Amino acid sequence: RHFLESSYYGLESTPFNDKRSDQYWALEYLAFVDPYNLSMTEDTKIEMMERYVCILYSLVVVGIEGLSSDEAKMIYLLPHCQWTIHGAGFFCKNGRVSRIFFKQFFFRKDEGRIPTEIVWLSELEELVVQNNNIGGTLPPQLGHMPRLQKLDFEGNSQLGGLIPDTFFNSSSLKVLHLARCNFNGSVPFNIGSSIVMHTIQLGYNSLTGSIPTNLGQSIELRVVSLDNNELEGPIPEFLPSGNLVEFDVSRNKLTGTLPISITSQPRLKSLLVEHNRLTGTIPSFGVDSSVSQIDLRYNSFVGGLDDVLENLLPSKLELFATYGNWLNGTVPTRLGLFTKLEFVWFPDTDLTGSLPSTLGRLTNTKEFSFANSRISGTIPSELGLLTNIRGSLQLSSCDLVGTIPTELGKLTSSSGPFNFSANFLTGTMPSELGRLTELNILDVTRNELTGTFPQEMTNMTDLYNLRVGLNKFSGTLDAVSKVSNVEAYGNKLVDVGRLCGSPPHLLAMNLCGEMKIDCSCCEYCCDNSSIVGSWCNLEEVDTNVFN
């Protein structure tokens, strides 16, 4: 005890006097419980101090319950350099603690706090405590540890306060991972001051204010993640010849333009700026840029896509998300070269012109949408080559003409929805769509389609929602009789008297389009006045009208 008390020199009283402290119980354990018999000599002073810190740290992470478990007792018989359980614990080099790794232990019932005594481990290189019950604040002294290279406290939701600026003055700290905690206040003013730090991950906190301009002045920075905070103001410029690989400032309140000094970074792989308030055009990327992820959703970018795609290597790009902006121009033919794209998703834009047939080359696509745009022309038959589509094919609310391509019947792996509503499509419902046995929803409402429903639609066994209203279909509903919800109002369907006794949503909502039956919207209705009266809320019904 006297030796350890001397390490607290300068304090008015040692924490050993407080029976509520982890330090008190760590000393008690070391003195009276610890099964490892370490004698106190001049040669064992450092080992004794490190063992004390390891016991103290174990109390912080796993609590006294964790130290008392049968499994723990087996471990603590060993030197502290061999305290590992399920890949976590303390790891040493040359007999000195160099790495501490605890992940998702959750043994401690109350909130543990990182002890400042951790700085006594002068050879420590990595301190990783992810997804535990660590609370309080981080000791600024961690930034003064001479060999500490990695500091990772991701997922400790009770850990908060201000992020110490000492971390960014460290001559050794290379990786700072404090995401998914509860830090608040401003981003440290000297965040870009480190000459060795290459990874800064501060996402999912409550940081406010602006991003310091010196962030982009660090030549070593490779990964910057400040997403899901409350940051405002502009994105700072970066050194043009930097090493930036990943840049994520998504889901903040950032304004201004996206600097070309970021998009032109020669090593850039991932650019995520979605859900901000950025404006202006999307700057071009560097020549032969190997960016694999670009997410620009829900900002206020304007302009076309041609210049954005011009310098990107088609063999690298896997994510290109731009919807929720004010993009215009035509759909680039070059888009069809980016065959690794899994989501071709461009809804809610002012894009014009026709869909290039080259889009049929995007055979890895799982979702496809140009809905709510000004796309015109016909639906390319080449879309039938997108056989890996598992979800949506959305082309609603455009200016499309012509027929529904029969080739779409090849998209047999999709569960949908397929939505072609609110266009100017003509022709009949292709019988080939009957091959879409996994499709759940098909919507062709508000077009000019004609003819009858092909008998092959009986094979669409997973179809539960068919919307065909406001077209010019004729004939019966026999082919879709097993579909639980059919919206067919505004057509010239016959023989619907067979629906008498069906739920009111089938007759009134789906055939007539409203709860009150108006025979101007359907030619034949049920002749049972009592049923019609109860469904349609009519006081008197002339059954002759419905014959």
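The model shown is predicted, which means the values in this text are computed figures rather than measured ones.
Between the side chain of N311 and the backbone N or O of F285, at least one donor-acceptor pair lies under 3.5 Å. A distance-only check finds a donor-acceptor pair linking the side chain of N299 to the backbone of N276 [under 3.5 Å]. Not one N or O on the side chain of D295 forms a donor-acceptor pair closer than 3.5 Å with the backbone of L319. When atom types are taken as modelled, the side chain of N440 and the backbone of D462 share a donor-acceptor pair closer than 3.5 angstrom. At least one donor-acceptor pair under 3.5 Å links the side chain of T365 to the backbone N or O of L362. For T476 (side chain) and D478 (main-chain N/O), a donor-acceptor pair under 3.5 Å exists by modelled atom type. No side-chain donor-acceptor contact under 3.5 Å links S218 to the backbone of L215. No donor-acceptor pair under 3.5 Å is formed between the side chain of N132 and the backbone N or O of I134. For N372 (side chain) and S397 (main-chain N/O), no donor-acceptor pair under 3.5 Å exists by modelled atom type. Not one N or O on the side chain of T428 forms a donor-acceptor pair closer than 3.5 Å with the backbone of T450.
One finds the CG atom of N325 at 11.0 Å from the CZ atom of F346 (value rounded to the nearest 0.5 Å). Between the CG atom in N205 and the CG atom in N184 there is a gap of 8.5 Å [rounded to 0.5 Å]. One distance of note links CZ of F368 with CZ of F343; it measures 14.0 Å at 0.5 Å rounding. For the atom pair CG of L383 and CD1 of I389, the computed distance is 7.5 Å after rounding to the nearest 0.5 Å. For the atom pair CG (L202) and CD1 (I163), the distance works out to 4.5 Å, reported to the nearest 0.5 Å. Here the NZ-CG distance, from K472 to N447, works out to 11.0 Å after rounding to the nearest 0.5 Å.
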I would like to know whether N328 and T352 meet side chain to side chain contact (heavy atoms under 4.5 Å, CB included); could you show each step before the answer? CA-CA 7 Å; N328 52 35; T352 58; over 6 Å; no
Trace of the side chain to side chain contact (heavy atoms under 4.5 Å, CB included) decision for F370 with L359: CA-CA 12 Å; F370 282 87; L359 297 183; 4.1 Å; yes
Set out, in order, the CA-CA distance, both residues' side-chain angles and the distance that settles side chain to side chain contact (heavy atoms under 4.5 Å, CB included) for Q217 and L239, then state yes or no. CA-CA 6 Å; Q217 304 309 303; L239 295 174; 3.4 Å; yes
Under the side chain to side chain contact (heavy atoms under 4.5 Å, CB included) criterion, do L493 and F453 qualify, and how do the steps go? CA-CA 10 Å; L493 299 166; F453 297 112; 3.9 Å; yes
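Screening residues 315-342 for salt bridge (charged side-chain N to carboxylate O under 4.0 Å, His left out) gives E342-K366 as the qualifying pairs, with residues at least two apart or on separate chains. Counting only residues at least two apart or in different chains, ring-ring contact (aromatic ring centres under 6.0 Å, His included) contacts with residues 403-433 are absent. For residues 220-232, the pairs satisfying salt bridge (charged side-chain N to carboxylate O under 4.0 Å, His left out) are E230-K253, with sequence neighbours left out.
The nearest pair of heavy atoms linking N388 to T363 is ND2-O, 2.7 Å. Taking both residues in full, the closest heavy atoms of L305 and P332 are given as CB-CG, 3.7 Å, listed atom of the first, atom of the second, then distance. In plain terms, the two heavy atoms of I191 and V187 that are nearest each other are CD1-CG1, 3.4 Å. Counting all heavy atoms, side chain and backbone alike, Q158 lies closest to N133 at CG-OD1, 4.0 Å. Residues I379 and P405 approach most closely at O-CG, 3.3 Å, considering heavy atoms. The minimum heavy-atom distance linking K269 with V291 is given by the pair O-CG1, 3.5 Å.
Partners of S376 according to the side chain to side chain contact (heavy atoms under 4.5 Å, CB included) rule, which considers only residues two or more places apart in sequence or in another chain, are D399. Partners of D152 by side chain to side chain donor-acceptor pair (under 3.5 Å), not counting sequence neighbours, listed by chain and number: Q130. The side chain to side chain donor-acceptor pair (under 3.5 Å) search around S270 returns Q293, not counting sequence neighbours.
The only option from T257, L327, T263 that meets the side-chain contact (heavy atoms from CB on, under 4.5 Å) definition with I282 turns out to be L327. Considering L477, L442, T445, N485 as possible partners of L466, the one that fulfils the side-chain contact (heavy atoms from CB on, under 4.5 Å) test is L442.
Side-chain N/O atoms of E237 and S261 include a donor and acceptor closer than 3.5 Å. Defined by atom type and a distance below 3.5 Å, a donor-acceptor pair is missing between the side-chain atoms of N491 and N471.
Taking 4.5 Å as the limit, every side-chain heavy atom of L335 sits out of range of all side-chain heavy atoms of T358. Residues T452 and S474 have side chains in contact (heavy-atom distance under 4.5 Å, counting atoms from C-beta outward). At a threshold of 4.5 Å between non-hydrogen side-chain atoms, the residues V468 and L449 do not count as touching. In this structure, H198 and N243 have side chains that are not in contact, with every pair of non-hydrogen atoms separated by 4.5 Å or more. Side-chain contact between L312 and I294: present, with at least one pair of heavy atoms (C-beta onward) separated by less than 4.5 Å. With contacts defined as side-chain heavy-atom distances shorter than 4.5 Å, the pair E367/S392 qualifies. The shortest side-chain heavy-atom distance between I235 and L278 falls under the 4.5 Å cut-off. Looking only at side-chain heavy atoms (C-beta outward), M429 and M457 come within less than 4.5 Å of each other.
In this structure, H275 and Y298 have tilted ring planes: the angle between them lies in the 30° to 60° band.
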